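Keep in mind that what you see is a predicted model, and the values were worked out from it rather than measured.
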Amino acid sequence: MSTNSDFDLFRTSEDHEALRGAVRAVAEDKIAPYAAAVDEEARYPQEAHDALVASDFFAPHVPEEYDGVGADALATCIVIEEVARVDASASLIPAVNKLGSLPLILDGSDALKQRYLPPLAKGETTFSYGLSEREAGSDTASMKCRARQDGDDWVLSGQKSWITNAGVSEYYTVLAVTDPDGPRGGNVTAFVVERSDEGFTFGEKERKLGIKGSPTRELHFDNVRIPGDRVVGQVGDGLKLALRTLDHTRVTIGAQAVGIAQGALDQAIAYVKDRKQFGTRIADFQGIQFMLADMAMELEAARQMVYVAAAKSERGDKDLAFFGAAAKCYASDAAMKITTDAVQLLGGAGYTRDFPLERMMRDAKITQIYEGTNQVQRIVMARSLLK
């Protein structure tokens with residue numbers, strides 16, 4: 001006979017579940033009450049920001065040697081999932097803090113880490129990521145943003161689009177072409193740009209379908225001088241580093257999608273148990289029960305995929321690219337379907353802003369698009385299968 005401990009690989013640890021309870025308490029108490037207003041007013045969720053800083057859930061991935069709490073990849077996903085359950089916009093704070101700073105953690109010099117990670121860990125700033133451009137979204141290698149060497153410095157010119165938490169963050173990891181005549185994909189370098197750098201400005205806030213609490217703006221670089229010690233990794237290796245970063249952070253978008261879907265399912269279950277038609281609770285109708293069963297089944301499948309991918313991210317497994325893409329793709333498709341069905345279960349009420357489901361449905365849509373569209377995820381998966 002095997003012992004119970006042999007099967008612990010199929011359940012999260014007590015520490016992870018204790019973390020979930022702690023994050024859920026903060027989310028329900030300090031974040032959920034403001035979610036509707038944040039969406040309505042399209043304003044940054046400052047209450048959530050402050051609550052995440054106070055509870056050490058703001059940038060939990062930062063290693064302990066840089067004043068962080070050193071949360072593993074699964075723990076970070078659980079933080080994002082539980083925040084997204086009540087407010088997707090707020091869940092982008094820990095998610096994008098990881099996205100923006102992970103290139104430094106993966107490949108930055110120790111001096112760079114010592115300079116930029118402790119302020120992030122302490123909650124003094126968020127950290128954004130500048131990869132996409134207007135004409136270089138899925139096709140990142142065709143970016144036009146340039147950095148030319150000038151003595152020991154680099155001079156940055158061009159723009160970046162769709163940058164999450166732009167204008168809020170003090171620090172930005174920005175990718176730019178440093179060798180225009182070099183091999184495509186091998187001619188890009190990563191830099192840290194600071195908000196105070198001269199010539200660095202922001203575009204207007206995008207007016208979006210969802211995640212309205214998370215500002216999305218363009219970055220504009222007008223001959224911004226960057227000291228040479230702000231290069232992340234090796235000159236010319238930036239695109240490889242950017243794609244390696246995404247292998248890890250796609251998993252966090254899967255976690256965000258799972259959280260949104262869980263929030264929608266919770267709302268739908270509470271409603272159908274309470275709502276009566278034809279003299280009985282609508283939860284007692286088999287058609288409703290089948291919808292709920294399908295929603296919960298797809299949600300649990302998505303959660304398991306995300307957690308497996310998070311474990312692979314933590315270990316640095318060779319098949320992370322496939323699993324990260326699969327988890328993000330499957331979970332975001334599931335979140336879109338589950339939130340749409342949840343709106344349906346509430347009928348007319350689901351279509352109004354009196355309930356959070358229409359917001360969750362709008363928020364879910366972006367998870368199918370950012371950090372690589374789900375079409376691109378399928379390309380990543382197919383490449384893994386065929387190589």
Side-chain angles (χ1 to χ4, degrees), residues 96-117 120 125 127-167 169-203 217-250 321 370-372 376 380:
V96 172
N97 281 340
K98 181 166 182 175
L99 174 64
S101 63
L102 195 64
L104 276 76
I105 293 170
L106 289 175
D107 210 18
S109 66
D110 193 57
L112 217 52
K113 292 177 189 172
Q114 291 288 1
R115 180 169 169 187
Y116 291 111
L117 294 178
L120 174 64
T125 175
F127 213 126
S128 292
Y129 185 71
L131 175 62
S132 296
E133 297 177 7
R134 277 192 294 264
E135 302 304 324
S138 296
D139 181 13
T140 50
S142 66
M143 68 176 70
K144 301 281 190 286
C145 192
R146 296 278 186 267
R148 61 179 173 81
Q149 196 153 19
D150 183 23
D152 289 337
D153 298 347
W154 294 84
V155 179
L156 192 60
S157 56
Q159 63 85 225
K160 293 290 173 181
S161 299
W162 317 115
I163 308 307
T164 305
N165 291 345
S169 296
E170 289 291 334
Y171 306 144
Y172 300 77
T173 298
V174 174
L175 286 298
V177 173
T178 43
D179 179 9
D181 303 320
R184 178 183 156 91
N187 60 350
V188 170
T189 303
F191 300 89
V192 178
V193 181
E194 299 182 5
R195 187 167 68 171
S196 56
D197 288 338
E198 197 172 338
F200 177 27
T201 56
F202 304 99
R217 302 167 77 171
E218 289 194 340
L219 312 180
H220 298 287
F221 308 104
D222 182 10
N223 294 321
V224 179
R225 187 167 286 276
I226 307 290
D229 63 2
R230 289 210 228 144
V231 171
V232 184
Q234 300 302 306
V235 171
D237 278 355
L239 201 62
K240 289 190 201 85
L241 177 58
L243 298 177
R244 225 176 108 209
T245 297
L246 291 174
D247 284 341
H248 289 277
T249 58
R250 279 184 181 131
Y370 59 14
E371 288 209 32
V376 163
V380 171

Undergrad: Might you confirm whether atom CD of Gln149 has over 12 heavy atoms from other residues, nucleotides or ligands at distances under 6.0 Å?
TA: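 More than 12 heavy atoms, drawn from other residues, nucleotides or ligands, come within 6.0 Å of this atom.
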Undergrad: Please step through side chain to side chain contact (heavy atoms under 4.5 Å, CB included) for the pair Arg146 and Arg148, ending with a clear verdict.
TA: CA-CA 6 Å; Arg146 296 278 186 267; Arg148 61 179 173 81; over 6 Å; no
Undergrad: If you round to the nearest 0.5 Å, how far is CG of Leu156 from CG of Asn223?
TA: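 Separation between the atoms: 9.0 Å.
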Undergrad: I'd like to know whether the aromatic ring centres of Trp154 and Phe191 sit less than 6.0 Å apart in this structure.
TA: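 Centroid distance Trp154-Phe191: below 6.0 Å, so yes.
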Undergrad: Examine distances only and state if a side-chain atom of Glu133 and a backbone atom of Cys145 form a donor-acceptor pair shorter than 3.5 Å.
TA: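 Yes: the side chain of Glu133 pairs with the backbone of Cys145.
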Undergrad: Answer yes or no: are there more than 12 heavy-atom neighbours, outside Asp152 itself, under 6.0 Å from its atom CG?
TA: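 At most 12 heavy atoms, drawn from other residues, nucleotides or ligands, come within 6.0 Å of this atom.
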Undergrad: Would the distance check show the side chain of Asn97 and the main-chain N or O of Phe127 forming a donor-acceptor pair, the cut-off being under 3.5 Å?
TA: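 Yes, Asn97 side chain to Phe127 backbone: donor-acceptor pair under 3.5 Å.
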Undergrad: Under 3.5 Å, is there a donor-acceptor pair between the side chain of Ser128 and the main chain of Ser169?
TA: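 Not at all, since once roles are kept as given, no pair shorter than 3.5 Å links the two residues.
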Undergrad: Quick check for you: to the nearest 0.5 Å, what is the distance between Leu106 atom CG and Leu102 atom CG?
TA: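 Taking CG in Leu106 and CG in Leu102, the distance rounds to 4.0 Å.
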Undergrad: Once rounded to the nearest 0.5 Å, what's the spacing between atom NE2 of His220 and atom OG of Ser161?
TA: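 Rounded to the nearest 0.5 Å, the NE2-OG separation comes to 7.5 Å.
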Undergrad: Are the side chains of Pro103 and Tyr129 in touch, meaning some heavy atoms are under 4.5 Å apart?
TA: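 Yes, at least one pair of side-chain atoms sits under 4.5 Å.
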Undergrad: To the closest 0.5 Å, what do you measure between CD (Glu218) and CZ (Arg134)?
TA: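 Going from CD on Glu218 over to CZ on Arg134, the span is 4.5 Å.
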Undergrad: Donor-acceptor pair, Thr189 side chain versus Gly236 backbone, under 3.5 Å?
TA: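 Yes, Thr189 side chain to Gly236 backbone: donor-acceptor pair under 3.5 Å.
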Undergrad: Quick one: list whatever passes side chain to side chain donor-acceptor pair (under 3.5 Å) with Ser109, sequence neighbours left out.
TA: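 In terms of side chain to side chain donor-acceptor pair (under 3.5 Å), with neighbours along the sequence ignored, Ser109 is linked to no residue.
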Undergrad: Say whether, by atom type as modelled, one donor and one acceptor occur between the side chain of Arg217 and the main chain of Gly203 under 3.5 angstrom.
TA: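 Indeed, once roles are kept as given, a pair shorter than 3.5 Å links the two residues.
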Undergrad: How close do Ile105 and Lys113 get, heavy atom to heavy atom, and via which atoms?
TA: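 Scanning both residues completely, I find the closest heavy atoms to be O-NZ, 3.5 Å.
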Undergrad: Within the structure provided, determine whether Leu219 and Phe202 are in side-chain contact (heavy-atom separation under 4.5 Å).
TA: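 They are in contact (side-chain heavy atoms under 4.5 Å apart), so the answer is yes.
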Undergrad: Work out which heavy atom in Thr173 is nearest to a heavy atom in Ala190; give both atom names and the distance.
TA: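 Shortest heavy-atom contact: CG2-CB, 4.4 Å.
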Undergrad: Looking at Gly238 and Leu175, what are the two nearest heavy atoms and their distance?
TA: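 That would be O-CD1, 3.4 Å.
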Undergrad: Could you go through Arg115 and Asp229, starting from their C-alpha distance and side-chain angles, then the distance that decides it, and tell me whether this counts as side chain to side chain contact (heavy atoms under 4.5 Å, CB included)?
TA: CA-CA 11 Å; Arg115 180 169 169 187; Asp229 63 2; 4.0 Å; yes
Undergrad: Check this for me, if you would: do Arg230 and Asp197 make a salt bridge, where the nitrogen-to-carboxylate-oxygen distance has to be below 4.0 angstrom?
TA: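 Salt bridge present between Arg230 and Asp197.
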Undergrad: Indicate the atoms forming the closest heavy-atom contact of Lys160 with Leu131, along with that distance.
TA: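 So the two residues come closest at NZ-O, 3.0 Å.
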Undergrad: Compare every heavy atom of Ile226 with every heavy atom of Val192, then report the nearest pair and how far apart it is.
TA: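 Closest approach of Val192 to Ile226: O-CG2, 3.9 Å.
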Undergrad: Do the side-chain N and O atoms of Glu371 and Thr249 include a donor-acceptor pair separated by under 3.5 angstrom?
TA: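 Yes, a side-chain donor-acceptor pair sits under 3.5 Å.
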Undergrad: Can you check whether Asp179's main-chain N or O pairs, donor with acceptor, with Asn187's side chain at less than 3.5 Å?
TA: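 Between the backbone of Asp179 and the side chain of Asn187 there is a qualifying donor-acceptor contact (under 3.5 Å).
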Undergrad: Would you call Arg184 and Asp139 a salt bridge, taking side-chain N to carboxylate O under 4.0 Å as the test?
TA: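 Asp139 and Arg184: salt-bridged.
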Undergrad: What residue among Tyr172, Tyr116, Phe200 forms side chain to side chain contact (heavy atoms under 4.5 Å, CB included) with Glu194?
TA: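 Looking at Tyr172, Tyr116, Phe200, the match for Glu194 under the side chain to side chain contact (heavy atoms under 4.5 Å, CB included) is Tyr116.
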Undergrad: Between Thr245 and Leu99, what is the shortest heavy-atom contact and its length?
TA: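 It is CG2-O, 3.9 Å.
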